[in-house]
Amino acid sequence: MLGADGRRMSDILLDQGRPTPHAHFAALPSMLDYSALDTPFPFALPIPQARTERALADHLRDRGVPVHYGRPVTGLEQDADTVRVHTPKGVCEARYVVGADGAHSLVRRLAGIGFPGTPPTLVAFAADVERPIRPSGRCTAGTARPAT
C-alpha cells in the first residue's frame with residue numbers, strides 16, 4: 001500500500017537503514033548469506049527498534065488507524081468481522097489486532113494462535129539508546145565524542 005507521498009513501507013524502512021547481505025544471527029559462529037534468498041529484500045536491515053516503531057506508527061496514523069500504547073490487554077474476543085480487545089480503559093474494536101507484545105504474547109495466546117517454534121537456548125540483550133549530547137559537547141564515559 002502506498003503512502004500519501006507515493007512510497008511503500010519498504011521504501012520508508014530502506015531509507016532508515018543500510019541493507020546488509022551477510023550478517024550474524026543468534027550468536028551463530030558464521031555469517032548468514034541472505035543474498036541467495038528468493039525475495040526482493042535479500043538482506044538484513046538493521047534499524048533501531050524505536051525508529052522502526054515510529055515509522056510503522058506514522059504509516060498507520062497516516063491511514064487513520066489508531067495506535068495504542070500503554071494499554072495492558074486483559075481479554076480478547078473475535079467474530080468474523082470484529083476483534084474486541086479488553087483493556088483497563090475499556091474495549092477497543094477493530095477488524096484486526098496485531099500481537100506485537102513479545103515472546104510470551106498474551107494477544108497471540110488469547111487469539112488462539114500457537115507458537116510453533118522452540119524455546120530459546122540463549123538469552124541476549126540489545127539496547128537502542130537515543131541520548132542527546134550534553135550542552136558542553138562533552139560525552140560521558142563510554143560514549144563517543146561528537147565529530148568536529
Side-chain angles (χ1 to χ4, degrees), residues 1-28 31-32 34 37-144 146:
M1 177 179 264
L2 298 179
D5 60 359
R7 298 188 316 156
R8 299 173 300 190
M9 188 73 237
S10 56
D11 299 325
I12 293 165
L13 291 175
L14 284 167
D15 285 347
Q16 299 287 323
R18 185 178 54 130
T20 307
H22 302 89
H24 284 286
F25 178 77
L28 293 173
M31 302 275 270
L32 296 178
Y34 298 101
L37 296 175
D38 183 19
T39 174
F41 309 104
F43 46 78
L45 189 64
I47 304 173
Q49 184 170 342
R51 202 177 305 161
T52 302
E53 288 177 8
R54 192 167 34 253
L56 292 170
D58 289 347
H59 191 72
L60 290 170
R61 286 188 190 106
D62 288 348
R63 287 154 182 75
V65 178
V67 178
H68 302 285
Y69 295 96
R71 291 191 181 183
V73 174
T74 58
L76 184 143
E77 34 181 296
Q78 61 184 338
D79 56 38
D81 301 314
T82 307
V83 178
R84 284 170 291 289
V85 179
H86 298 263
T87 75
K89 295 182 178 184
V91 177
C92 299
E93 290 189 352
R95 289 182 54 206
Y96 304 95
V97 65
V98 175
D101 53 338
H104 303 288
S105 172
L106 177 63
V107 171
R108 189 177 58 238
R109 186 171 56 79
L110 292 173
I113 302 169
F115 178 70
T118 58
T121 58
L122 173 72
V123 176
F125 296 92
D128 296 323
V129 178
E130 294 181 13
R131 181 179 179 272
I133 296 174
R134 293 188 349 213
S136 68
R138 295 183 183 190
C139 298
T140 57
T143 61

*Can you find a heavy atom in the side chain of Asp15 that is under 4.5 Å from one in the side chain of Arg7?*
yes

*Got His68 and Thr87 here, is their nearest side-chain heavy-atom distance under 4.5 Å?*
no

*Check whether any side-chain heavy atom of Arg84 sits under 4.5 Å from a side-chain heavy atom of Leu76, and report yes or no.*
no

_To the nearest 0.5 Å, what is the distance between CD1 on Ile12 and NE2 on His59?_
6.0 Å

*Mind checking the OG-CG spacing from Ser105 to Leu110? Nearest 0.5 Å is all I need.*
8.0 Å

*Counting N and O atoms only, with roles assigned by atom type, does the side chain of Arg71 sit under 3.5 Å from a partner on the main chain of Lys89, one being a donor and the other an acceptor?*
no

*Got a second to check how far Gln78's CD is from Arg95's CZ, nearest 0.5 Å?*
13.5 Å

*From Leu13 atom CG to Phe41 atom CZ, the distance as rounded to the nearest 0.5 Å*: 9.0 Å

*Kindly indicate whether the side chain of Leu14, heavy atoms from C-beta on, has any atom under 4.5 Å from the side chain of Phe43.*
yes

*asked:* Treating Asp11 as the side-chain partner and Arg8 as the backbone partner, does any N or O pair qualify as donor plus acceptor under 3.5 Å?
replied: yes

*Mind listing the closest non-hydrogen atom pair of Pro72 and Pro88 along with its distance?*
O-CD, 3.1 Å

*Hey, what do you get for CZ (Arg54) to CD (Gln16), rounding to the nearest 0.5 Å?*
8.0 Å

